[in-house]
**Q** 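Got a structure for you, written out below as structure tokens; questions coming shortly.
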Protein chains: 2
Amino acid sequence: MSSQNLKQQIYSQVARIGKVVCHGHRLELLEYLAQGERTVEALANLTGLSVANTSQHLQVMRQSGLVKARKNGLYVYYSLADDEIVRLLASMRKLAESHLADVDRLVRAYLTVKDELEPIPRQELLERARQGIVTVLDVRPPEEYACGHVPGAVNVPLKELGKRLKDLPQDQEIVAYCRGPHCVLAFEAVAQLREKGFQARRLEDGFPEWREAGLPVEKTAVTESRSKKG
Amino acid sequence: MSSQNLKQQIYSQVARIGKVVCHGHRLELLEYLAQGERTVEALANLTGLSVANTSQHLQVMRQSGLVKARKNGLYVYYSLADDEIVRLLASMRKLAESHLADVDRLVRAYLTVKDELEPIPRQELLERARQGIVTVLDVRPPEEYACGHVPGAVNVPLKELGKRLKDLPQDQEIVAYCRGPHCVLAFEAVAQLREKGFQARRLEDGFPEWREAGLPVEKTAVTESRSKKG
DNA sequence: CTATTATTCAATAATTCAATTGAATAATAG
DNA sequence: CTATTATTCAATTGAATTATTGAATAATAG
């Protein structure tokens with residue numbers, strides 16, 4: 001049996017962590033969970049997966065210990081068990097970007113000249129926001145905004161951006177952010193705003209990374225919004 | 001199509017990185033590659049996998065861009081494409097250790113085995129060798145072996161160890177030695193043997209010290225050394 | 001040229017995984 | 001208690017992975 005066997009057992013165990021992150025849907029779920037705890041239904045709505053399927057993926061992740069759950073009333077709230085997961089995901093994204101030609105191409109193809117829209121560093125945004133010389137725009141859905149957002153950020157989900165342009169300043173820079181480096185919401189928001197003549201930039205990465213960096217986070221009291229079935 | 005589609009495509013791409021690290025054998029291969037470039041055969045010997053199987057796992061990793069290969073003569077030398085991989089693996093190990101109860105247990109077992117790597121004193125080896133309850137292994141090149149060695153020692157240069165495992169006893173302790181306290185050959189031999197399930201230890205110091213201590217030495221007429229091409 | 005060696009490819013069987021469906025469980029309200 | 005809702009379970013199906021086998025390819029030596 002020996003240490004050969006033992007070694008393989010250890011590798012198999014470590015591979016269980018790998019199995020969690022080898023499926024696109026689970027990666028997507030993890031990114032949502034990185035923003036805060038969510039119910040199964042909320043995750044299903046966000047991802048477009050069936051509830052049963054979402055639940056099963058969550059079970060897989062739960063068995064690996066990467067995700068934890070607490071039950072409160074009818075709802076089960078899932079969340080990440082460890083911040084190390086955020087680093088793991090970042091590491092994977094980095095490798096994907098530099099080694100899978102497709103990713104870079106995909107990102108560039110859809111996001112219009114990525115480089116033109118240079119993101120503003122977190123620390124810089126924090127300072128400017130404190131000075132009040134910038135408008136921070138959170139383009140995620142209201143539920144996510146409610147779970148936590150950059151202090152002072154205005155929540156305008158991308159879908160409503162067109163209708164709410166009048167609420168935004170023409171003479172001040174606007175910095176938009178969303179879920180993270182692979183989330184397109186902020187890119188699209190910035191593109192739309194620039195088209196309309198606003199001064200707009202993106203925050204580097206997104207909210208999960210902001211939180212991870214230990215920067216201040218603001219929360220809103222959770223309203224009684226009942227999300228409907230999809 | 002839109003950004004929903006795009007998002008899923010990107011997640012799928014990132015998941016391809018995950019697929020590389022979701023199998024124990026690939027993790028083991030990556031760890032060996034992290035130490036330096038290796039041929040397919042060398043990796044197959046180290047892991048105990050068949051050559052074809054090793055090759056196929058390497059293909060998988062190569063397609064993901066995490067591993068690269070260069071061909072030189074008959075051999076294909078594989079190596080890691082990016083140091084980020086080491087961080088990824090570290091991250092996975094960390095998560096595995098803190099979230100999979102089994103891993104901690106296994107690692108502990110593995111480490112206690114490792115602690116047994118203490119070298120055996122010369123006098124003790126001499127007695128045991130005389131009793132025939134131990135196999136003495138000389139891992140130096142044949143020329144050095146021919147010049148003098150521990151009585152009864154078998155000469156298996158480190159490079160050939162993988163191929164000659166079948167000549168070694170599974171049920172008896174093996175004691176390896178090389179040139180001296182600063183020579184790594186015996187260390188590596190012991191490590192390899194233990195990985196393969198053998199009971200192996202190192203002799204304290206090496207052959208020069210053995211001779212210096214006035215212990216018996218055996219000499220061989222120089223045979224046709226069968227070392228193959230380089 | 002043929003023979004040898006290292007690696008890869010192709011076909012297969014065994015196993016594992018993913019998504020769907022519909023039923024089961026658990027908490028709550030009336 | 002029954003009805004409702006959120007979640008999980010269990011069974012099924014089709015797809016993807018893995019390991020094995022033996023053949024094919026490529027580099028080299030004679």
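Reckoned from all heavy atoms, side chains included, excluding hydrogens, waters and symmetry mates. A note on names: the letters A, B, ... follow the listed sequences, proteins ahead of strands, and every chain is numbered from 1.
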**Q** Does B/Asp83 have more than 12 heavy atoms from other residues, nucleotides or ligands lying within 6.0 Å of its CG?
**A**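 Not more than 12 within 6.0 Å, no.
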**Q** Can you tell me how far C1' of C/dA19 sits from CD of A/Glu28, to the nearest Å?
**A**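 Roughly 16 Å, once rounded to whole Å.
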**Q** Output the rounded distance in Å from CG (B/Leu49) to C1' (C/dA6).
**A**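 Rounding to the nearest Å, CG of B/Leu49 and C1' of C/dA6 are 17 Å apart.
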**Q** Compare side-chain N and O positions of A/His57 against OP1 and OP2 of C/dA19 and report whether any pair is under 4.0 Å apart.
**A**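 Checking C/dA19 against A/His57, a side-chain N or O does come within under 4.0 Å of OP1 or OP2.
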**Q** Distance check needed: C/dT7 C1' versus B/Arg70 CZ, whole Å only.
**A**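 From B/Arg70 CZ to C/dT7 C1': 15 Å.
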**Q** Looking at the side chain of A/Val76, which of D/dT8, D/dA19, C/dA6 is the nearest nucleotide?
**A**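 Nearest to the side chain of A/Val76 among the choices is D/dT8.
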**Q** Within the pair A/His23 and D/dT17, is there a side-chain N or O less than 4.0 Å away from OP1 or OP2?
**A**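 Result: no.
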**Q** How many whole angstroms separate atom CG of A/Leu58 from atom P of D/dT7?
**A**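 Checked: the CG to P distance equals 10 Å.
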**Q** Take atom CD of A/Glu37 and atom P of D/dT7, then tell me their distance rounded to the nearest Å.
**A**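 Result: 12 Å.
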**Q** Let's see if you can work this out: which of C/dA6, C/dA19, D/dA19 has an atom nearest to the side-chain heavy atoms of B/Asn53?
**A**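 Given the options C/dA6, C/dA19, D/dA19, the side chain of B/Asn53 is closest to D/dA19.
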**Q** Could you check how far CZ of A/Arg62 sits from P of D/dT7, rounded to whole Å?
**A**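 So the two atoms are 12 Å apart, to the nearest Å.
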**Q** Answer yes if the side chains of B/Asn72 and B/Tyr77 hold a donor-acceptor pair under 3.5 Å, and no otherwise.
**A**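 Per modelled atom types, B/Asn72 and B/Tyr77 side chains form no pair under 3.5 Å.
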**Q** Pick one: which of A/Arg140, A/Arg93, A/Arg179 meets salt bridge (charged side-chain N to carboxylate O under 4.0 Å, His left out) with A/Glu31?
**A**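 So, applying the salt bridge (charged side-chain N to carboxylate O under 4.0 Å, His left out) to A/Glu31 and each of A/Arg140, A/Arg93, A/Arg179, only A/Arg93 qualifies.
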**Q** Is any side-chain N of the basic residue among A/Asp82 and B/Lys94 closer than 4.0 Å to the acidic one's carboxylate O?
**A**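 No salt bridge links A/Asp82 with B/Lys94.
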**Q** Can you say whether the rings of B/His57 and B/His23 are parallel (under 30°), tilted (30 to 60°) or perpendicular (over 60°)?
**A**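 Because their plane-to-plane angle lies in the 30° to 60° range, the rings of B/His57 and B/His23 count as tilted.
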**Q** As a check on the pairing definition, encode DNA chain D in dot-bracket form, counting Watson-Crick and G-U wobble pairs whose two distances are under 3.5 Å, and using | for partners outside this strand.
**A** ||||||||||||||||||||||||||||||
**Q** Evaluate the side-chain proximity of A/Val40 to A/Tyr75: yes if any heavy-atom separation is below 4.5 Å, no if none is.
**A**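 Side chain of A/Tyr75 against side chain of A/Val40, heavy atoms only: no contact under 4.5 Å found.
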**Q** Output yes when a side-chain donor or acceptor of B/Arg26 lies under 3.5 Å from a complementary backbone atom of B/Lys19, and no otherwise.
**A**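 Yes; judged by distance alone, with no hydrogens or angles, the pair exists.
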**Q** So which protein nitrogen or oxygen atoms get under 3.5 Å of nucleotides 24-30 of chain D's nitrogens or oxygens?
**A**
none

**Q** A cation-pi test, strictly: NZ or CZ of B/Arg38 under 6.0 Å from the centre of the six-membered ring of B/Tyr78 and no more than 45 degrees from its axis. Yes or no?
**A**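 No, B/Arg38 does not sit over the ring of B/Tyr78.
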**Q** Is it true that the side chains of B/Asn155 and B/His149 contain a donor and an acceptor less than 3.5 Å apart?
**A**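 On atom types as modelled, these side chains do not qualify, holding no pair under 3.5 Å.
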**Q** Taking atom types as modelled and ignoring hydrogens, do the side chains of B/Thr135 and B/Gln172 form a donor-acceptor contact shorter than 3.5 angstrom?
**A**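 Their side chains do contain a donor-acceptor pair, which is all the 3.5 Å distance test asks for.
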**Q** Any donor and acceptor pair, going by atom type alone, linking the side chain of B/Tyr32 with main-chain N or O of B/Leu27 inside 3.5 Å?
**A**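 Side chain of B/Tyr32 to backbone of B/Leu27: no pair is present.
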**Q** Determine whether a donor-acceptor pair (N or O, by modelled atom type, separation under 3.5 Å) exists between the side chain of B/Ser91 and the backbone of B/Arg87.
**A**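 Between the backbone of B/Arg87 and the side chain of B/Ser91 there is no qualifying donor-acceptor contact (under 3.5 Å).
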**Q** Mark up nucleotides 9-16 of chain C, 5' to 3', with B wherever a protein heavy atom is under 4.0 angstrom from a base atom, S wherever such an atom reaches only the sugar-phosphate, and - elsewhere.
**A** BB------
**Q** By the 4.0 Å heavy-atom rule, please label A/Tyr78 as base, sugar-phosphate, or nothing.
**A**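 Sugar-phosphate contact only.
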**Q** Over how many whole Å does the gap from B/Asn45 atom CG to C/dT7 atom P extend?
**A**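 Roughly 10 Å, once rounded to whole Å.
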